Protein chains: 2
Amino acid sequence: MARRSPERLTIADVAEKAGVSLSTVSRVMNGSTTVDAALTQRVREAAVTLGYTASPLARSLVLGKTQTVAVIVPDLGNPTFQGALRGLSTGAAGENYHVLVADSFEDPSKEAELAREARRRSDGIVLCAPRMTDDELNELLPQISPAVVINRTPTSARVPVVAADYRSGFAQLLAHVKDLGHRKLLFLSGAEGSASNRDRLAAVDAFRAANPNIEISVLTGSVNFADGYASADDVIASDATAVLAFNDLVAMGLLGALTARGVDVPGEVSITGFDDIQFAQYTTPPLTTAAVPTPELGAQAWARMWDLLNGRQPAYNLAFGPLVVPRGSTGRPPKTGDDPHPAAT
Amino acid sequence: MARRSPERLTIADVAEKAGVSLSTVSRVMNGSTTVDAALTQRVREAAVTLGYTASPLARSLVLGKTQTVAVIVPDLGNPTFQGALRGLSTGAAGENYHVLVADSFEDPSKEAELAREARRRSDGIVLCAPRMTDDELNELLPQISPAVVINRTPTSARVPVVAADYRSGFAQLLAHVKDLGHRKLLFLSGAEGSASNRDRLAAVDAFRAANPNIEISVLTGSVNFADGYASADDVIASDATAVLAFNDLVAMGLLGALTARGVDVPGEVSITGFDDIQFAQYTTPPLTTAAVPTPELGAQAWARMWDLLNGRQPAYNLAFGPLVVPRGSTGRPPKTGDDPHPAAT
DNA sequence: CTGTTAGCGCATTCAA
DNA sequence: TTGAATGCGCTAACAG
């Protein structure tokens, strides 16, 4: 029953079967209206009975278009990029576009080459490269145009940008724990060079300036579960009553480690995450976090890429303001002996 | 500083610059050793100064190889397929292969066409299509060969298969809750046609036959958080003391709903998941589940694809036996008034 | 060892 | 309207 593919079918086979020239077949396949109805019919039938479909490779070569966009992500295991990939994939599929995905494995030195290579196999690049230096980025972007950048804004290159506003989100989280009464904070910051980490640090600086009476220290280099888990000792030693983790993964790791050590959250220490990944609400206690609509990030990135691909001016750059979702992992700080205002029940 | 691409660079530009023929450039670029050292040098230099790289499209067309594999998944949001994608991507990157990803959005009717289309843009397909019918699968696979199938075994088509042994995993979970003393079980089963769901049901049947004194009912159609959450009322009404969810997602949703209703887990009802996604250990209580090494699934799928691509006999089919990870969500059933064997401390 | 020639499969000029 | 010829950029036979 299964049709043995007779050495791959070409346009010539259809032409022969229909008794017309190659060009006529090509025209019919591409929906040219200037073809005689009878011939069109014959070609269609021949194509169907033969089971012919034009080779995307050959078309790509002659048309200069691949019907493919490439996404470069630093880590396919990271929920943020998974969400973005999903949103992008949905949008691309809607326009019959294909998606090539490349994981740089958090290695900024590979990202540029990966992007250039991917660009040659696609019509455009959606780039998530939070740790690439600004200089590299500025040099890279013109080479891989058209491109859309997610979650960072290049200093000189002009490209559409879709991002979450990490600074504003983090500022809100800081305000949240401040309002709860915390005066000794700890920020488990992410990778040194990461763009979104710089944004968070900017929020910290602004917060410090505005709240000189609040102490806030920074611990560097936590980006995933294991890092969060491993930071538990430092967290306990820090004596902070509220810990703001770089993201939900770090927060969950820390939460696990603290729970294992018998530290009460939020009784003894409050914890916040970032991103609001699907699982943040299922921890114990549920994680207070700043929600980022990652699939929407991908969808908007696609929208801009689609504009670019069609020679249109892409829509405005976009920054989603994360929403703080207060849950069980944050509460009032523990009362100290010298608490001037003991709760009056 | 950025080089304006002069209308796209071709092999002819390099040939001219180096003062040789196209073929010589081609030979050098492909590492042919039969080229004079001096010429080789000149060509290399020309290529570098020009910044030339061969067009993957043109090479693909003439070589008949795209250096790309395509993965078809039913849902990019599902941790199982995310893990597989990651493992596959890692393996492919190691051999300088690219990865095209297509999401069928749980629509079995689209999967075949998606796979065929993707196949034309790649050298092989890694297929995750749990709900496609067997007939469709058997008809599809020869058309998209070479292919590797994840998590199901086609009845007639001969392809390498890499899978998790859902039946054995589920049998272990059943044994686990039985050993804890549960006698009234409920299985929140997944999508009707899903292969891995059938495997779980087979485990249920075997269990029933071997344990006629244990009651086990089945509720159909839960595959994600929302489904799990929505099933809470049915679960409570069922009067079961142990609920085996289709997967971790369903279990987490159910857990959330029960917690919200004040039902004690595992005090009143025990819950098991499946997959052991990264987050299962962070729920409250942590989820008892059967661990499936999804990235390894992807890695092994790639290994077999790589064999296929090189004309080698692929390695044996593989079924990972999931490991039960007992955690806090399962415990002994609540004591009833007529419990014949009250715990003796 | 090198250059010339002929395709890979298709879209698109240009004549007819 | 249709067909024949040209080329997309490259590799691989084939001569030289």
Side-chain angles (χ1 to χ4, degrees), chain A residues 5-44 46-47 50-68 96 116-117 119-123, chain B residues 5-47 50-68 96 98 116-117 119-123:
Chain A
S5 53
E7 282 311 315
R8 251 301 120 234
L9 222 43
T10 86
I11 199 173
D13 299 313
V14 181
E16 185 184 20
K17 173 112 182 170
V20 297
S21 74
L22 307 186
S23 355
T24 298
V25 176
S26 176
R27 290 189 182 103
V28 172
M29 299 302 290
N30 292 321
S32 167
T33 53
T34 69
V35 180
D36 182 84
L39 283 193
T40 301
Q41 185 60 17
R42 266 172 38 212
V43 170
R44 287 243 164 81
L50 254 34
Y52 169 80
T53 308
S55 156
L57 257 58
R59 301 195 81 229
S60 293
L61 185 60
V62 60
L63 293 178
K65 306 201 169 186
T66 59
Q67 293 267 107
T68 302
N96 254 295
R116 274 187 288 258
E117 171 64 19
R119 175 60 179 85
R120 306 218 51 186
R121 301 173 174 278
S122 63
D123 300 341
Chain B
S5 53
E7 282 310 315
R8 241 319 104 236
L9 223 44
T10 86
I11 199 173
D13 299 312
V14 181
E16 183 184 20
K17 173 111 181 170
V20 297
S21 74
L22 306 186
S23 1
T24 298
V25 175
S26 176
R27 289 190 184 102
V28 172
M29 299 301 290
N30 292 322
S32 167
T33 52
T34 69
V35 180
D36 182 85
L39 283 193
T40 301
Q41 186 60 16
R42 266 175 35 214
V43 171
R44 288 246 164 80
E45 281 172 4
L50 253 36
Y52 169 80
T53 310
S55 155
L57 257 59
R59 302 196 79 227
S60 293
L61 184 60
V62 60
L63 293 177
K65 305 202 168 186
T66 59
Q67 293 266 109
T68 301
N96 255 296
H98 302 259
R116 274 188 288 259
E117 172 64 19
R119 174 63 179 86
R120 305 218 50 186
R121 303 174 173 276
S122 62
D123 300 341

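Owing to the predicted nature of the structure, the values given are computational and were not obtained by experimental measurement. Naming convention: chains lettered A, B, ... in sequence-line order (proteins, then strands); numbering from 1 in each chain.
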Under 3.5 Å: donor-acceptor pair, side chain of Arg121(B), backbone of Thr68(B): no

Arg27(B) side chain to Asn30(B) backbone, donor-acceptor under 3.5 Å: no

Phosphate contact (dT11(D) OP1 or OP2) by Ser26(B) side-chain N/O below 4.0 Å: yes

Crowding at CD, Gln67(B) (>12 non-hydrogen neighbours, <6.0 Å): yes

Pairs: protein N or O with nucleotides 4-8 of chain D N or O, under 3.5 Å:
| residue | atom | partner | partner atom | Å |
| --- | --- | --- | --- | --- |
| dA4(D) | N7 | Ser23(A) | OG | 3.4 |
| dA4(D) | N6 | Ser23(A) | OG | 3.1 |

Pair Tyr52(A)-Met29(A), side-chain contact (heavy atoms from CB on, under 4.5 Å): steps then yes or no: CA-CA 10 Å; Tyr52(A) 169 80; Met29(A) 299 302 290; 3.7 Å; yes

Between dG3(D) (P) and Glu16(A) (CD): distance, integer Å: 14 Å

Whole angstrom value for the distance that separates C1' of dC10(D) from CG of Leu9(B): 14 Å

Contact summary for Leu50(A) and Asp13(A), nearest pair of heavy atoms: CD2-O, 3.8 Å

Check: Arg120(A) side chain, Thr53(B) main-chain N or O, donor-acceptor pair, under 3.5 Å: yes

Rounded interatomic separation in angstrom, taking CG from Leu50(A) and P from dG9(C): 14 Å

DNA chain C contacts among residues 29-42 of chain B, heavy-atom distance under 4.0 Å: Thr34(B), Val35(B), Asp36(B), Leu39(B)

Sugar-phosphate, base or nothing in reach of Ser55(B), heavy atoms under 4.0 Å: sugar-phosphate

Rounded distance (Å) that lies between atom C1' of dC8(C) and atom CZ of Arg59(A): 16 Å

Sidechain-backbone polar pair: Thr40(A) side chain, Asp36(A) backbone, donor-acceptor under 3.5 Å: yes

Shortest non-hydrogen contact between Val35(B) and Val28(B), atoms and distance: CG1-CG2, 4.0 Å

Rounded to 10 degrees, the angle between the two terminal axes of the helix from dC1(C)-dG16(D) to dA16(C)-dT1(D), each from five pairs: 50°

Exercise: identify the closest heavy-atom pair between Gly19(B) and Arg42(B): O-NH2, 3.6 Å

